[in-house]
Amino acid sequence: MTKRKVNKQAGKGSARFEGRARLLAWYARERRDLPWRRTSDPFAIWISEAMLQQTRVEAVIGYWERFLARFPDIRTLAQAPEQDVLSAWSGLGYYRRARALRAAAQAIVERHGGEFPRDAELVRELPGIGPYTAGAVLSIAFDLPEPLVDGNVARVLARWFAHEADAVATQKWAWERARELVPQRAGAGEWNQALMELGATVCTPQRPRCETCPVARSCAALAQGAVARIPRPKVRPEPVDVELVAWVVERRGAILMEQRPAEGRMAGLWQLPTVQVAPVRPELFPARLTVELEPGPELGVERHAITRHRIRMVLRRGELGRASLPERLRWVPREETLRLPLTGMARKSLARAFGLGKRAPGG
DNA sequence: AAGCCGGGGAA
DNA sequence: TTCCCAGGCTT
């Protein structure tokens, strides 16, 4: 009777508890063998989390391995020239992450003696580390009882509890839920990763695999037939069509390269000298170069996408007169171009025009 | 609260 | 093609 009562009490939240145990068991069984799951080094885990911001696992793996080979610890990263760090990041996108990573490494050396702090408040004060990344490193590397919410967790929890709301409200709601659910004694890291893993491999945005889901029997959205409409899709900004010309200018085995300004998008990265020809008001690139080029034949057309911009880029050969070069333009020997921090567009263009480095840098 | 930042893999 | 990703920062 007492026993029965206790069970009944537990039964109130039993769907939650039962689901939790099943999820953890499923994760222990099915989790992917990702390289950053083979280490407990907070630095290595931090790097993985920074790279995984808005970036898929498959895109990150190679970058993570090369980055750690090049910058094995916090002090090495803190002392590295910014261009070296950007170069290791070249092609991953969101380059502010790379600059913030280096700045945060320097802050950790200065404020925390080079040791990654174990205090949530101190971690949150580091550049590039927001609520998600702080929770991830603290829970995964140190098993501290910190919650986290990313796109996966928000979706999984919203479906699990059938919380119908727009993306912003869902995210906020999910943080409260995650805070309640995260194990307080031990296993926070496993729990957080289990939630994310479920979202990444089973409880996917489209066509979730509910028939193989370990928490299907306690999923409120599934019971209500509401899985497909939770969470509500985000309204996306209108795409903008942009036309560019990228100049291919050669001289004695060297290629004319342009460095982007230190501020703004893709700051400090290198590209083929590029101008925007449409729309008339330049949104991505300046409308003219700082030197005059004699136009030559067209070499090809490429498509790119940068945030909401859909780009059509014409590669055109050009000739440079005897003009003196401004600071931003530099002759770079062919083989050395790949060591620069190139934009993804530049990487593809060099591959097309010269057959250089079809794959990611340093690989 | 809303806008912005890169690139790519999967459907 | 479209979608959206182990988000964070700025305004």
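Nothing here was measured: the structure is a model prediction, and the numbers come from that model. Hydrogens, waters and symmetry mates are skipped; everything else that's a heavy atom, side chains included, is used. Residue numbers begin at 1 in each chain, while the letters A, B, ... track the order of the sequences.
Listed by chain and residue number, Val248(A), Glu250(A), Pro297(A), Leu299(A) satisfy the side chain to side chain contact (heavy atoms under 4.5 Å, CB included) test with Arg317(A) (two or more places apart in sequence, or in another chain). When the side chain to side chain donor-acceptor pair (under 3.5 Å) test is applied to Tyr132(A), the partners found at least two apart in sequence or on another chain are Glu49(A). Residues passing the salt bridge (charged side-chain N to carboxylate O under 4.0 Å, His left out) test with Glu146(A): none are found, sequence neighbours excluded. With sequence neighbours left out, the salt bridge (charged side-chain N to carboxylate O under 4.0 Å, His left out) criterion links Glu82(A) to Arg99(A), Arg102(A).
Looking at residues 125-133 of chain A, you'll see Pro127(A), Gly128(A), Ile129(A), Gly130(A), Pro131(A), Tyr132(A), Thr133(A) sit with a heavy atom under 4.0 Å from some atom of DNA chain C. Annotation: proximity of residues 24-35 of chain A to DNA chain C (heavy atom, distance under 4.0 Å) is found for Arg32(A), Leu34(A), numbered in ascending order. Residues of residues 48-57 of chain A having a heavy atom closer than 4.0 Å to DNA chain C, listed by number: Glu49(A), Leu52(A), Gln53(A), Gln54(A), Arg56(A). Listed in residue order, the members of residues 139-154 of chain A having a heavy atom less than 4.0 Å from DNA chain C are Asp150(A), Gly151(A), Asn152(A).
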Show me the donor-acceptor pairs, under 3.5 Å and distance only, between side chains in residues 260-267 of chain A and residues at least two apart or in other chains.
unit_1: Arg260(A); atom_1: NE; unit_2: Arg265(A); atom_2: O; d: 3.2
unit_1: Arg260(A); atom_1: NH1; unit_2: Gln271(A); atom_2: OE1; d: 3.2
unit_1: Arg260(A); atom_1: NH2; unit_2: Arg265(A); atom_2: O; d: 3.4
unit_1: Arg265(A); atom_1: NH1; unit_2: Glu283(A); atom_2: O; d: 3.0

Donor-acceptor contacts under 3.5 Å from residues 220-234 of chain A side chains, at least two apart:
unit_1: Arg229(A); atom_1: NE; unit_2: Glu164(A); atom_2: OE1; d: 3.1
unit_1: Arg229(A); atom_1: NE; unit_2: Glu164(A); atom_2: OE2; d: 3.4
unit_1: Arg229(A); atom_1: NH2; unit_2: Glu164(A); atom_2: OE2; d: 3.3

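Taking 4.0 angstrom as the limit, Tyr63(A) places none of its side-chain polar atoms (N or O) nearer than this to OP1 or OP2 of dG7(B).
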Just the atom pairs and distances: protein N or O near nucleotides 1-4 of chain B's N or O, under 3.5 Å.
unit_1: dC4(B); atom_1: OP2; unit_2: Arg308(A); atom_2: NH1; d: 3.3

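A 4.0 Å heavy-atom criterion places the boundary nucleotides of DNA chain C facing chain A at dT2(C) to dC9(C), written 5' to 3'.
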